[in-house]
Amino acid sequence: MLNSLKFKITITALLIISAIMTVTTWRDIKETERKLLNGQEEKAVLLSDRIKHGIMVLMLENKWRELQTMMEHMVKNGHELKEIRIFHPDSGIMLVSSDPEDIGKQIYKEDRERFQKQKSEAPFLIEKSGQQYASRLTAIPNLPVCHKCHGSEKKILGVLDIELSLAESYQSIQKFKREHLINAFMCFLLITGAFLFVVGILINKPIKGMIGTIKKIENGDLSVRMKADKKDELGQLAKSFNSMVEALESAKKEIEEYHRQQVQRAAKLASLGELASGIAHEIKNPLAGISGAIQVLYSDFDPEDPKKEIITEILNQVKRLDRAVRDLLS
């Protein structure tokens, strides 16, 4: 199972799909988180401008008490708006606050330092007591219409500081993460099932058929052929395999024919050998008789009889024939 081609292809593909889905899911979550937080920052800007405009109107009408009431009312009725404060730009003393107990106290050190260092009134994200907020510091300028009450020496009358809670935004982000992860997991399961089905149909089933054909060929049946009706790589492999089997079958037939011819030749040679052996025995026995008779005749001649030379030559030829017969038998 672990060494099968189907398992290796499936695991490799699923790892690649998992990596791609992880990256895309993480990117979508981060992009959504960024958009939600940017939306809260933009909301902080809009609220800040709105409150600043209301403050300017009330200040021109010299309605400081209404200003305090307005801030308390806005925080009380706004579920995201948590704090509104106006502090002195130099001393940091809170002049007006949505929480009356903060009036006369020092503003947070971080807010004061941030106002002194900031070059723009862009919103920013902060964390206080484990809670996340979108905040904005907006300077309330000393406009010409304000000179009647505040004089013209100061350029900034105060600093508006608002804090917008991000609790709901982070809850939405967490909910989006859960839903996105569940959807990604479901998609992964669907892709896995579809991939296993496709691999089983397109790869595993044809390979099993090929393995069955190869086993039949191993058992000696060279008449079987693979299905080569597909035009993909497996179809080309099946065609090449069938060509190889046809060549193997042709070679087997040639070998069998050659073997049959060799058997026939060996049978002929065996018959010829038996015939030669019989003939040799038939020649050898008369030669022995002839040799014996000549030797008897040879002993009857006088030593100086010139016919002895003829008899000697006859014996030599008989011996020659006898050696030839022995060689043939060997």
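Because only heavy atoms are used, hydrogens play no part in the values below, and waters and symmetry mates are left out as well, while side chains stay in.
Under a hydrophobic clustering in which Ile, Leu, Val, Met, Phe, Trp and Tyr are joined whenever their side-chain heavy atoms come within less than 4.5 Å, directly or via other members, I283 and I294 fall into the same cluster. A chain of hydrophobic side-chain contacts below 4.5 Å, direct or via other Ile, Leu, Val, Met, Phe, Trp or Tyr residues, connects M74 to L160. I191 and I11 fall into different hydrophobic clusters, where Ile, Leu, Val, Met, Phe, Trp and Tyr side chains are chained together by heavy-atom contacts under 4.5 Å.
In summary, of the residues considered (I140, V159, I103), a side-chain contact (heavy atoms from CB on, under 4.5 Å) with I86 occurs for I140 alone.
Two residues are said to be in side-chain contact when any heavy atoms from C-beta on lie closer than 4.5 Å; R136 and L47 fail this criterion. Residues L164 and I162 form no side-chain contact, since every pair of their non-hydrogen atoms from C-beta on lies 4.5 Å or further apart. A heavy-atom distance below 4.5 Å is found between the side chains of T192 and L14. With a 4.5 Å cut-off on side-chain heavy atoms, Y258 and E254 do not count as touching. Annotation: side chain of P100 is not in contact with side chain of M71 (no heavy-atom distance under 4.5 Å). Considering only heavy atoms from C-beta on, I93 comes within 4.5 Å of Q106 through its side chain. With a 4.5 Å cut-off on side-chain heavy atoms, Q131 and K82 do not count as touching. The shortest side-chain heavy-atom distance between I211 and K215 falls under the 4.5 Å cut-off.
Here the NZ-OG1 distance, from K177 to T25, works out to 12.5 Å after rounding to the nearest 0.5 Å. In this structure, CD in Q174 is found 10.0 Å from OG in S172, a value given to the nearest 0.5 Å. The structure places CD of E282 at 9.0 Å from CD1 of I279, a figure rounded to the nearest 0.5 Å. Here the CZ-CG distance, from R34 to L36, works out to 10.5 Å after rounding to the nearest 0.5 Å. Here F87 contributes atom CZ and D102 contributes atom CG; the two are 13.0 Å apart, rounded to the nearest 0.5 Å. A distance of 4.0 Å separates CD of E163 from CD1 of I126, quoted to the nearest 0.5 Å.
Between the side chain of Q68 and the backbone N or O of S97 there is at least one donor-acceptor pair closer than 3.5 Å. Under a 3.5 Å cut-off, the side chain of S250 and the backbone N or O of E246 do not form any donor-acceptor pair. At distances below 3.5 Å, not a single donor-acceptor pair connects side-chain atoms of S291 with backbone N or O atoms of L287. Put simply, the side chain of S277 never gets that close to the backbone of G273: no donor and acceptor are under 3.5 Å apart.
Enclosure of atom CD in Q264 by more than 12 non-hydrogen atoms of other residues, nucleotides or ligands within 6.0 angstrom is indicated. By the neighbour-count criterion of 12 heavy atoms within 6.0 Å, atom CZ of R265 is sparsely surrounded, having that number or fewer from other residues, nucleotides or ligands. Other residues, nucleotides and ligands contribute at most 12 non-hydrogen atoms within 6.0 Å of the NZ atom of K154. Heavy-atom neighbours of E101 CD from other residues, nucleotides or ligands within 6.0 Å: at or below the threshold of 12. Counting non-hydrogen atoms of neighbouring residues, nucleotides and ligands closer than 6.0 angstrom, the CZ atom of R225 exceeds 12 such neighbours.
Across every non-hydrogen atom of L157 and P89, the tightest pair is O-CD, 4.0 Å. For the pair S165 and Q40, the tightest heavy-atom approach, listed with the atom from each and the gap, is O-NE2, 3.6 Å.
A salt bridge links R114 and D111; the closest N-O separation between the charged side-chain nitrogens and carboxylate oxygens is under 4.0 Å. A salt bridge does not link K252 to E249: none of the charged nitrogens lies less than 4.0 Å from a carboxylate oxygen. A salt bridge is absent between E256 and K253: the closest approach of a Lys/Arg side-chain nitrogen to an acidic carboxylate oxygen does not fall below 4.0 angstrom.
The ring-ring contact (aromatic ring centres under 6.0 Å, His included) search around H281 returns none, not counting sequence neighbours.
A ring-ring contact (aromatic ring centres under 6.0 Å, His included) check over residues 180-217, counting only residues at least two apart or in different chains, returns the pairs F176-H180.
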